[in-house]
There are 2 protein chains.
Amino acid sequence: MTQAVRHDSMRARNLGVVLGEIRRNGPVTRAALAEITGLTKTTVSKMVGDLIEAGMVAESGALRDGERGRPGTAVVLSGRRVAALGLEINVDYLSACVVDLTLAVRLRYSQAVDNRAASPVETLSRLAELAHRAVDEARREGLAVAGSTLAVPGPVDGGLVHTAPNLGWHHVRVSDLLDFPVEVDNEANLAALGELWFGSAPGDFLHVSGEIGIGAGLVVGGTLFRGAHGLAGELGHVVVHPDGPACRCGGRGCLEQYAGQEALLRACGLTGIPELLESLRAGEPGALEACERAGQALGVALTSAIHLMDPGTIVLGGVFAPLFRWIRDPVHQAMAARLTGMRHTVPDLTVSRLGSDAAPLGAAGQIIHRIIANPIAILLRR
Amino acid sequence: MTQAVRHDSMRARNLGVVLGEIRRNGPVTRAALAEITGLTKTTVSKMVGDLIEAGMVAESGALRDGERGRPGTAVVLSGRRVAALGLEINVDYLSACVVDLTLAVRLRYSQAVDNRAASPVETLSRLAELAHRAVDEARREGLAVAGSTLAVPGPVDGGLVHTAPNLGWHHVRVSDLLDFPVEVDNEANLAALGELWFGSAPGDFLHVSGEIGIGAGLVVGGTLFRGAHGLAGELGHVVVHPDGPACRCGGRGCLEQYAGQEALLRACGLTGIPELLESLRAGEPGALEACERAGQALGVALTSAIHLMDPGTIVLGGVFAPLFRWIRDPVHQAMAARLTGMRHTVPDLTVSRLGSDAAPLGAAGQIIHRIIANPIAILLRR
DNA sequence: ATATTAAGTCCATAAAGTGGATTAAATCGG
DNA sequence: CCGATTTAATCCACTTTATGGACTTAATAT
């Protein structure tokens with residue numbers, strides 16, 4: 001439902017529009033912003049002044065473009081003051097990063113811990129420690145951390161982690177166990193947003209994050225698609241073969257049974273992804289064939305996903321990123337053979353540059369993007 | 001990208017918010033609207049006055065609710081003046097309907113024509129005739145038709161019908177061949193919206209429209225999901241069996257090859273849906289088994305769709321509506337067996353009450369809903 | 001050196017919503 | 001049955017925010 005607009009919310013929204021255009025259009029003059037937004041120069045000037053005062057925007061010198069007439073002074077986002085904290089809990093590590101308003105990564109922490117062996121309380125208290133360290137260090141650099149988001153490997157509904165099978169979590173309400181406010185979201189969702197904001201993906205893509213399970217995040221028009229209950233994107237359980245091997249989800253022939261990390265390693269008799277990469281580089285036939293098969297299955301599942309969700313491009317991330325060289329062709333062939341009749345073009349198949357960093361970056365980016373869309377909260381805080 | 005708000009657009013938006021709440025909350029008093037929207041009574045009163053003057057809202061008498069204090073006078077949407085035209089071209093008929101602002105169907109026209117035998121120009125000139133008749137008759141009843149939408153059986157991108165295989169259309173730009181402005185959209189999309197606004201579906205569902213092909217429209221939070229190029233929802237080509245029979249799309253084992261109208265009839269050796277229904281009612285084993293198999297395949301495809309798109313409920317429409325009695329159980333069983341491990345609940349499986357009327361109703365409803373969201377265009381026209 | 005052009009600021013004005021006061025029309029209690 | 005209370009709707013002076021034209025500033029062109 002659309003909300004009513006009042007004078008204060010009009011101003012709040014317009015501040016967000018101006019700040020958003022400053023972000024999109026790099027160094028811009030106030031006059032250009034007025035043109036872009038449709039607001040008057042007066043209004044834009046006043047807003048830019050407020051944003052500068054709040055430390056969110058800075059003047060970046062005169063913009064001499066060779067045209068005649070008085071040159072404008074361009075403004076850009078400033079990373080000096082406002083920042084956000086991105087957190088991730090995964091099976092064998094914790095990580096945190098601090099990102100400023102320009103989306104520059106300012107701090108990065110990582111800690112190897114086996115979280116399967118620990119209780120949610122233990123894990124979260126370790127995480128809190130990491131988070132406090134990050135916030136303190138950020139403050140020493142003059143950054144004010146305006147919010148934080150936590151990525152967890154499992155479906156999340158309104159701050160409640162329903163199940164994170166690989167962590168052994170059930171019904172964990174994270175906010176009850178942390179001493180600072182945090183938003184919680186699914187790792188695959190945040191990884192897709194990370195790819196959107198920090199990677200090279202355009203505004204429409206399906207990001208496949210193959211970790212232990214296989215998740216996917218669909219971004220359409222720069223917005224994450226979440227479905228009715230926030231459970232969309234479970235690519236790992238798309239049916240590849242209705243009579244295939246039983247899956248831990250209760251179904252049969254799910255993609256995870258063909259292209260999941262465990263299935264992949266089992267198929268070539270290896271114990272870890274590093275070993276698999278080594279075998280692939282050595283050209284061992286068993287490893288190559290296992291990848292070929294996994295790629296074909298992934299191509300079949302992606303075909304269904306493309307018909308249903310119509311993504312712009314496909315970005316392979318997580319463990320599929322290092323394996324890209326070897327799975328690209330089988331995936332592409334399986335898709336091309338099935339899709340060309342219905343669509344003029346088969347979606348591009350690309351690889352994520354971010355790998356496992358995508359989720360915490362997306363987590364921090366989510367806060368930053370919310371601030372840029374609605375900077376009034378920061379203005380009022382001062 | 002969010003647009004800047006100015007005084008005029010603030011008013012335009014708030015008018016839409018007020019009108020939307022009048023629609024949602026049935027007969028409401030001005031005071032209640034002020035509470036709901038967060039605007040003041042003064043503002044709401046002024047807007048309701050304007051909307052009444054434009055004939056979009058009417059007072060519906062005093063609302064005596066037994067509470068003490070002065071009773072309010074309730075207002076409701078008025079269907080007196082504003083209306084929209086919904087049009088449909090399908091393989092063997094043309095249809096048109098006029099719907100007023102309250103979503104009451106005021107006029108309905110239908111014409112049996114074999115559109116496969118006709119050129120797009122012929123078909124569209126017949127359609128124009130039907131449309132003009134509808135608009136004239138509506139005017140005689142005091143209705144002003146504010147816009148129209150046309151449903152076609154095939155993917156549409158910005159007014160261009162790329163291919164409508166069952167009509168034999170290729171690259172038809174409809175607006176060039178009609179003498180009145182019309183929006184064009186895919187039939188499955190509009191059928192889903194018809195189900196949303198005229199049927200009994202809640203705001204989150206996947207509407208499956210099985211006609212010659214099998215399409216689907218996903219509605220999330222009352223909004224249709226279209227994907228990156230408007231091609232989302234091609235349920236008929238979700239892969240059920242990667243090595244199954246070849247499909248006209250170039251793939252193998254698509255759902256259409258198991259549950260499409262042609263496959264279904266071929267499996268039991270019958271020539272039409274009426275005959276199939278008769279056989280089913282007579283309990284003939286061949287027909288029952290064909291339905292059982294089609295239902296299982298549909299259940300497998302829906303399982304993939306649910307994992308990927310997380311719909312609230314599933315609504316079966318088109319030819320699946322009359323077959324519902326016989327396919328419900330196999331579909332449900334196939335879904336339940338595969339889904340229960342991952343989700344607490346399997347989406348409800350319901351049947352559409354609208355059948356083939358869904359698309360033209362959705363077409364007209366789309367115009368009405370746009371007017372309700374942005375009534376300023378109508379106010380200015382007077 | 002002067003004309004022209006464009007950027008940014010100033011200021012009076014307009015548009016729209018706010019909030020408290022007022023009037024209207026009910027119910028409640030004695 | 002009448003006054004007190006309560007809620008609806010309207011009225012009006014005021015606030016917030018954006019507008020638009022005038023003005024100032026700083027560059028290029030002639």
Side-chain angles (χ1 to χ4, degrees), chain A residues 2-18 21-22 25 27-53 57-75 375-376 379-380, chain B residues 2-18 21-22 25 27-53 57-75 375-376 379-380:
Chain A
T2 333
Q3 268 293 306
V5 184
R6 302 161 44 164
H7 279 132
D8 50 354
S9 55
M10 170 164 70
R11 179 162 174 77
R13 182 184 298 258
N14 286 347
L15 270 167
V17 170
V18 168
E21 294 300 339
I22 291 173
N25 299 78
V28 236
T29 64
R30 294 164 173 83
L33 283 170
E35 184 116 2
I36 293 166
T37 59
L39 297 165
T40 59
K41 287 188 289 176
T42 309
T43 306
V44 169
S45 268
K46 215 182 302 171
M47 284 176 173
V48 167
D50 290 354
L51 291 169
I52 287 175
E53 209 181 327
V57 161
E59 295 196 332
S60 68
L63 198 75
R64 209 167 275 112
D65 53 357
E67 303 271 314
R68 61 199 218 168
R70 172 178 169 180
T73 51
V75 293
I376 193 89
L379 291 188
L380 294 177
Chain B
T2 333
Q3 268 294 305
V5 184
R6 303 161 43 166
H7 278 132
D8 50 354
S9 56
M10 170 163 70
R11 179 159 174 76
R13 181 184 297 256
N14 286 345
L15 271 167
V17 169
V18 167
E21 293 301 337
I22 291 173
N25 300 77
V28 235
T29 64
R30 292 163 173 83
L33 283 171
E35 184 117 4
I36 293 166
T37 59
L39 297 166
T40 58
K41 288 188 288 178
T42 308
T43 305
V44 169
S45 269
K46 217 182 299 173
M47 285 178 173
V48 167
D50 289 354
L51 291 169
I52 287 174
E53 210 182 326
V57 160
E59 295 197 332
S60 68
L63 198 77
R64 207 167 277 108
D65 54 356
E67 305 271 313
R68 60 200 217 164
R70 172 179 168 179
T73 52
V75 292
I376 195 88
L379 290 188
L380 294 178

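Chain naming here is simple, since letters A, B, ... match the order of the sequence lines and numbering starts at 1 in each. What's counted below: heavy atoms across the whole structure, side chains too, no hydrogens, waters or symmetry copies.
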Sequence neighbours left out, what passes side-chain contact (heavy atoms from CB on, under 4.5 Å) with [X]? Give chain and number order.
X: B:P27; value: B:S60, B:A74, B:V76
X: A:A32; value: A:V28, A:T29
X: A:R70; value: none
X: A:T42; value: A:T40

If only atom types and distance count, is the side chain of B:N14 paired as donor or acceptor with the main-chain N or O of A:V5 below 3.5 Å?
yes
Is there a side-chain contact between A:L39 and B:R6, using heavy atoms and a 4.5 Å cut-off?
yes
Are A:T37 and A:T43 side-chain neighbours, meaning at least one heavy-atom pair lies under 4.5 Å?
no
Please round to 10 degrees the angle between the axis of the first five pairs and the axis of the last five pairs in the helix from C:dA1-D:dT30 to C:dG30-D:dC1.
0°
Any donor-acceptor pair under 3.5 Å between the side chain of B:H7 and the base of C:dA15?
yes
Residue list, salt bridge (Lys or Arg N to Asp or Glu O under 4.0 Å) with A:E35, at least two apart or on another chain:
none
Contacts of B:R11 meeting salt bridge (Lys or Arg N to Asp or Glu O under 4.0 Å) (sequence neighbours excluded), chain-then-number -> B:D50
Atom-pair distance ([atom1] on [X]; [atom2] on [N]), nearest Å:
X: A:R11; N: C:dA15; atom1: CZ; atom2: C1'; value: 17 Å
X: A:M10; N: C:dA15; atom1: CE; atom2: C1'; value: 8 Å
X: B:I376; N: C:dA16; atom1: CD1; atom2: C1'; value: 12 Å

For each nucleotide in nucleotides 4-10 of chain C, reading 5' to 3', give B when a protein heavy atom comes within less than 4.0 Å of its base, S when such contact involves only the sugar-phosphate, and - otherwise.
SBBBBBB
Boundaries of the DNA chain D segment in contact with chain A, non-hydrogen, under 4.0 Å:
D:dT16 to D:dA29
As a test of understanding, state which of B:V44, B:V17, B:N25 forms a side chain to side chain contact (heavy atoms under 4.5 Å, CB included) with B:I36.
B:N25
